[in-house]
Number of protein chains: 2
Amino acid sequence: MGAQTEFILKTSSLSITSSRKKILEIFLSASTALAHQDIEKLAEQYDRVTIYRTLQTFLDRGIIHTIPTTDNTIKYALCSDDCITSGHHHDNHVHFLCDQCGRTLCLDDVSIPAITLPKGYSMKEINMVVNGICKTCME
Amino acid sequence: MGAQTEFILKTSSLSITSSRKKILEIFLSASTALAHQDIEKLAEQYDRVTIYRTLQTFLDRGIIHTIPTTDNTIKYALCSDDCITSGHHHDNHVHFLCDQCGRTLCLDDVSIPAITLPKGYSMKEINMVVNGICKTCME
DNA sequence: AAGTATTTTGCAACAAAGTTGCATTCTATA
DNA sequence: TATAGAATGCAACTTTGTTGCAAAATACTT
């Protein structure tokens, strides 16, 4: 556990601090994407500002990525392995937001289909987010 | 112009007020999706609270829809005609966010491809947002 | 067309979310 | 282990969003 977080930090040439390890652990043990607020609650020993700055650092290094939502919050999730090790970010799966339990899930098995943009547009990133009821809430 | 905004309000059985007309006019003459902040600047004669409430009302009636972005802001855009008149909201085109000029464009001609969710998931809404450089900025 | 019920607005106060500068503490490295 | 550089915590601040309530505007009835 500690080893894994330290490895990720070293790989991204970030210095190893307890707040970074803690926040990484939170992501590693989370089954869903997390909002800033979620992380604040789970890492309450650290200052709000530290969490803002740590999340920003992780985004810059491609350790985590953001998932856009329609409710004015941003959710963060760990990038998959190939996403971390490769130079730039590419996250090719669909995200699912459950309207009932509020969780944000990475549908790793559902990849984003290709689209053709009109002439003159260049694509850098693509996001596909589905709202609905998740498997757990349907049962 | 005034006639069009009043028609939209009447169709949605909303009372006709100057702030609602003004905000609708802003949307009608905008070529891109707008953030709350944009509307505040363009309708500065009205209270911030009024704008929040008006946008919420328009969302509830399906006059406008939201576009999720990765930068923690929500953008609003007019729904297309068939989107207004039909009972519930269905916005089937891809949205484009230009990283250079910051504008959010509705790519009306690019429809969202169908995807298959894993067993047990039900889909209510789907959003597809592309980041990159828009046509105007590429020239 | 005037009066009235209802809705909408603006204000004030507040709560939450995010940012910045700076002094202190911690980490990496020689 | 000493030190340069990076990260953290704190305080103060700005921005963003919310709520209650009185005043004003709108819609409706006669």
Side-chain angles (χ1 to χ4, degrees), chain A residues 2-27 33-61 63-64 66-76 102 104, chain B residues 2-3 5-27 33-61 63-76 102 104:
Chain A
Q4 194 179 358
T5 57
E6 294 193 9
F7 175 77
I8 295 173
L9 291 172
K10 276 178 189 158
T11 305
S12 302
S13 42
L14 287 173
S15 48
I16 293 165
T17 69
S18 72
S19 59
R20 285 177 180 165
K21 282 195 286 184
K22 174 69 178 175
I23 293 174
L24 268 184
E25 277 169 21
I26 289 170
F27 276 113
L34 301 167
H36 177 96
Q37 205 187 14
D38 301 325
I39 296 158
E40 251 184 63
K41 281 178 195 150
L42 295 167
E44 55 182 357
Q45 64 263 51
Y46 300 103
D47 196 83
R48 251 161 28 88
V49 178
T50 299
I51 297 173
Y52 278 111
R53 292 197 268 228
T54 302
L55 290 176
Q56 188 57 53
T57 302
F58 286 178
L59 278 180
D60 293 344
R61 301 307 170 107
I63 297 173
I64 58 176
T66 57
I67 302 165
T69 69
T70 43
D71 67 348
N72 227 350
T73 61
I74 285 196
K75 302 253 182 163
Y76 302 90
T104 304
Chain B
T5 57
E6 293 193 10
F7 174 78
I8 295 173
L9 292 172
K10 273 178 191 159
T11 305
S12 302
S13 42
L14 288 173
S15 49
I16 293 165
T17 69
S18 71
S19 59
R20 284 177 180 165
K21 282 195 286 184
K22 174 70 179 176
I23 293 174
L24 267 184
E25 277 170 21
I26 290 171
F27 276 113
L34 300 166
H36 178 96
Q37 205 187 15
D38 301 326
I39 296 158
E40 251 184 63
K41 280 177 195 151
L42 294 168
E44 56 182 357
Q45 64 262 52
Y46 300 103
D47 196 83
R48 251 162 27 89
V49 178
T50 299
I51 297 173
Y52 278 110
R53 292 198 267 227
T54 303
L55 290 176
Q56 188 57 53
T57 303
F58 286 178
L59 278 179
D60 292 343
R61 302 306 170 107
I63 297 173
I64 58 176
H65 65 268
T66 58
I67 303 164
T69 70
T70 43
D71 67 347
N72 227 350
T73 61
I74 285 195
K75 301 252 181 162
Y76 303 89
T104 304

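Note that these values count all heavy atoms, side chains included, but never hydrogens, waters or copies made by symmetry.
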Counting any heavy atom closer than 4.0 Å, what does B:S19 reach on the DNA or RNA strands: base, sugar-phosphate only, or nothing? sugar-phosphate
From the candidates D:dG9, C:dT9, D:dG17, the one with an atom nearest any side-chain atom of B:T17 is C:dT9
Within this structure, what is the CD-to-C1' distance between B:E40 and C:dG10, rounded to whole angstrom? 14 Å
Could you tell me how far apart B:D71 (CG) and C:dT19 (C1') are, to the nearest whole angstrom? 16 Å
Given D:dA7, C:dT9, D:dT16, which nucleotide is nearest the side-chain atoms of B:Y52? D:dT16
Heavy-atom distance under 4.5 Å between the side chains of B:F58 and B:I23, does that happen here? yes
B:V49 has a side chain; which of D:dG9, C:dA12, C:dT8 sits nearest to it? C:dA12
Among D:dT8, C:dG10, C:dG18, the nucleotide that comes nearest once only the side chain of B:D47 is considered: C:dG10
Whole Å only: how far is the CD atom of A:Q56 from the C1' atom of C:dT19? 12 Å
Considering only heavy side-chain atoms of B:S15, the closest of C:dT7, C:dG10, D:dG9 is C:dT7
Do A:T11 and A:R61 get their side chains close enough for a donor-acceptor pair, meaning under 3.5 Å? no
Looking at side-chain heavy atoms only, is the closest gap between B:P68 and A:T70 below 4.5 Å? yes
Measure CD/A:E6 against P/C:dT27 and give the value in whole Å, please. 11 Å
If you check every side-chain atom of B:R53, which of D:dT19, D:dG9, C:dA17 has the closest atom? D:dT19
Less than 3.5 Å apart, any donor N or O on the side chain of A:R20 or A:T5 sitting next to an acceptor on the other? no
Length of the CD1-C1' vector between B:I23 and C:dT9, whole Å: 11 Å
Describe the nucleic acid contact of A:R48 in one word from base, sugar-phosphate, nothing, applying a heavy-atom distance below 4.0 Å. base
Measure from CG on B:L9 to P on C:dT8 and round the result to the nearest Å. 11 Å
In whole angstrom, what separates B:Q45's CD from C:dG10's P? 9 Å
Which whole-number value in Å describes the distance from B:L55 CG to D:dT18 P? 11 Å
If we only count heavy atoms from C-beta on, is the B:F27 to B:L55 side-chain gap below 4.5 Å? yes
Less than 4.0 angstrom between a side-chain N/O of B:Q37 and OP1 or OP2 of D:dT16, yes or no? yes
